[in-house]
2 protein chains.
Amino acid sequence: MQNSVFKALAHPARRQILALLRKGPRLAGDLAAEFDSSWPTMSRHLAVLKDADLITAERQGNQILYRVNTSVLEDAATALLGLIGSDNGDDDLKEAAE
Amino acid sequence: MQNSVFKALAHPARRQILALLRKGPRLAGDLAAEFDSSWPTMSRHLAVLKDADLITAERQGNQILYRVNTSVLEDAATALLGLIGSDNGDDDLKEAAE
DNA sequence: ATACTAATTAGCTTTTTTGCTAATATGAGT
DNA sequence: ACTCATATTAGCAAAAAAGCTAATTAGTAT
């Protein structure tokens, strides 16, 4: 499952989706409009992100609202820090900020 | 360049290589011995990591010593934190620890 | 020069990912 | 029921990644 997260992060468009979502929830179509790729392509990127649990989807009548799953992103960042020399990586992010 | 880093991180074997390298520099053959894949395959994983600047290679006579490039890993972690709601992501890691 | 070890590069096949168009679902409005 | 808008799924083709064996390079040592 860690693997699907890093795989999902491997595509620039998907990282950009997360960057947009960072500022707040967004509708699928709203997101798709920001990219050059076709709608179905964007839809699949969203599916990959959802599969990795990096985002969540919520129906709002006709459309679908996506939002970032912050904790999974934090876990990924923590995992990366865990690959660095010191033992920072095992710390919780909040502990590290104190 | 950011892209090659995340792409490099997408493969579990490569993350594990980084995890091993975290504890200290290692010879290529030494690393290869830890995995089931063939030597050439491992060699390519190392090449991908080197290409992303996540590791550096140094000849030691007959063999090649690899070590993690901590700063690139930090940058990646910071980039991920940057995708999270607050504005933590723009901070330097050292600043965040104070 | 030859032989030996360590590691990479070449060449190839298989698998995965990407991205398109066309088709389908889901829900709202009339 | 019909239609429109939103979004996903199907199905396909092209591109990229992964992993193997065989061949090659680089360095050491005899």
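Residue numbers begin at 1 in each chain, while the letters A, B, ... track the order of the sequences.
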Legend entry - Contact list for DNA chain C against residues 32-39 of chain B - heavy-atom distance below 4.0 Å: B:Trp39
Inset, instruction - Output the single nucleotide from D:dT28, D:dT21, D:dA7 whose closest atom is nearest the side chain of A:Ile64. - result: D:dA7
Inset, instruction - Could you list by number each residue of residues 1-21 of chain A showing a heavy-atom separation from DNA chain C of less than 4.0 Å, or answer none if no residue does? - result: A:Lys7, A:His11, A:Arg14
Legend entry - Partner set under side chain to side chain contact (heavy atoms under 4.5 Å, CB included) for A:Val68, not counting sequence neighbours: A:Leu18, A:Leu21, A:Leu73
Inset, instruction - Apply side chain to side chain contact (heavy atoms under 4.5 Å, CB included) to B:Thr70 and list each qualifying residue two or more places apart in sequence or on a separate chain. - result: A:Ile84, B:Glu74
Indicate every side-chain donor-acceptor pair of residues 23-34 of chain A with a distance under 3.5 Å to a residue at least two apart or in another chain.
from	atom 1	to	atom 2	distance (Å)
A:Arg26	NH1	A:Asp30	OD1	3.3
A:Arg26	NH1	A:Asp30	OD2	3.0
A:Arg26	NH1	A:Glu34	OE2	3.1
A:Arg26	NH2	A:Glu34	OE2	2.8

Legend entry - Inter- and intrachain pairs under ring pair (Phe, Tyr, Trp, His ring centres under 6.0 Å), touching residues 9-56 of chain A, at least two apart: A:His11-A:His45
Do any side-chain atoms of residues 59-67 of chain B form donor-acceptor pairs under 3.5 angstrom with protein atoms, and if so which ones, sequence neighbours left out?
from	atom 1	to	atom 2	distance (Å)
B:Arg59	NE	B:Gly61	O	3.3
B:Gln60	NE2	B:Glu58	OE2	3.3
B:Arg67	NH2	B:Glu58	OE1	3.1

Legend entry - Contact boundaries on DNA chain C for chain A, cut-off under 4.0 Å to non-hydrogen atoms: C:dT17 to C:dA28
Legend entry - Near-strand residues of residues 47-60 of chain B, defined as heavy-atom separation under 4.0 angstrom from DNA chain C: none
Legend entry - For B:Asn3, all residues meeting side chain to side chain donor-acceptor pair (under 3.5 Å), sequence neighbours excluded: A:Arg15
Legend entry - Sequence-distant partners of A:Ser38, side chain to side chain donor-acceptor pair (under 3.5 Å), two or more places apart: A:Thr41
Inset, instruction - Under the side chain to side chain contact (heavy atoms under 4.5 Å, CB included) rule, collect the residues that match up with A:Val48, sequence neighbours excluded. - result: A:Ala8, A:Arg14
